[in-house]
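Inspection log for the structure reproduced underneath, given as structure tokens.
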Amino acid sequence: WMDFDKEARYGEIKTYGGAGHQYSASQWSAGSSFLWYIGAWCDRLSNQSYGFQFSDDWRSASMVVKVNPCVCVPWLPAWYTVPSCCILSDMVQTEASADGSEWDRR
């Protein structure tokens, strides 16, 4: 469900689908209001993606947001990483999870 490089401990997933790659179908769901539809459409045009850089022990990961800011050319992949001063997020595996099935996003 994501492009993943085990050696680099890095994975990337598209939020609402978009251009290219094996996993280009939407992996996320959203509400059913008009604003959600507009937001999902904008995310799809910009090929919004999340990148996950996992720690050495695989219990946490820093997250980055990548987009294609040239929305008039929607077939370009997400190539621009949004600076961490604009969006900063990470996730940690919960105490109850030993197999990576539960994460707290912060």
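All values below were derived from every heavy atom in this structure, side-chain atoms included, with hydrogens, water molecules and symmetry-related copies excluded.
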Write out all pairs satisfying salt bridge (Lys or Arg N to Asp or Glu O under 4.0 Å) with one or both partners inside [range], taking only residues at least two apart or from two chains.
{"range": "residues 58-79", "result": "E12-K66"}
{"range": "residues 69-84", "result": "none"}
{"range": "residues 86-96", "result": "D90-R106"}

For D56, check salt bridge (charged side-chain N to carboxylate O under 4.0 Å, His left out) against everything at least two apart and list the hits.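 Salt bridge (charged side-chain N to carboxylate O under 4.0 Å, His left out) list for D56, sorted by chain: R9.
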Gap separating the CZ atom of R105 from the OH atom of Y50, nearest 0.5 angstrom: 4.0 Å
How far apart are the C-alpha atoms of Y80 and S46, what are their side-chain angles, what is the distance that settles it, and do they pass the side chain to side chain contact (heavy atoms under 4.5 Å, CB included) test? CA-CA 10 Å; Y80 176 76; S46 67; over 6 Å; no
If every non-hydrogen atom of S49 is compared with every non-hydrogen atom of N47, which pair is closest and at what distance? OG-O, 3.0 Å
Any donor-acceptor N/O pair, [X] side chain to [Y] backbone, under 3.5 Å:
{"X": "S89", "Y": "I87", "result": "no"}
{"X": "S97", "Y": "S101", "result": "yes"}
{"X": "Q53", "Y": "S62", "result": "no"}

Linking directly or through intermediates, with side-chain heavy atoms under 4.5 Å: list the remaining ILVMFWY members grouped with Y10, chain and number order.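 For the cluster that includes Y10, the remaining residues are V64.
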Cluster companions of V92 among Ile, Leu, Val, Met, Phe, Trp, Tyr (side-chain spacing under 4.5 Å): none
Are W79 and V82 linked, directly or through other ILVMFWY residues, by side chains that come within less than 4.5 angstrom of each other?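 Linked within one cluster.
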Could you state whether I38 and L45 fall into the same hydrophobic cluster, counting links through intermediate Ile, Leu, Val, Met, Phe, Trp or Tyr residues with side-chain heavy atoms under 4.5 angstrom apart? no
Fit a plane to each ring of F4 and W58, take the angle between them on a 0 to 90° scale, and name the class: parallel (under 30°), tilted (30 to 60°) or perpendicular (over 60°). tilted
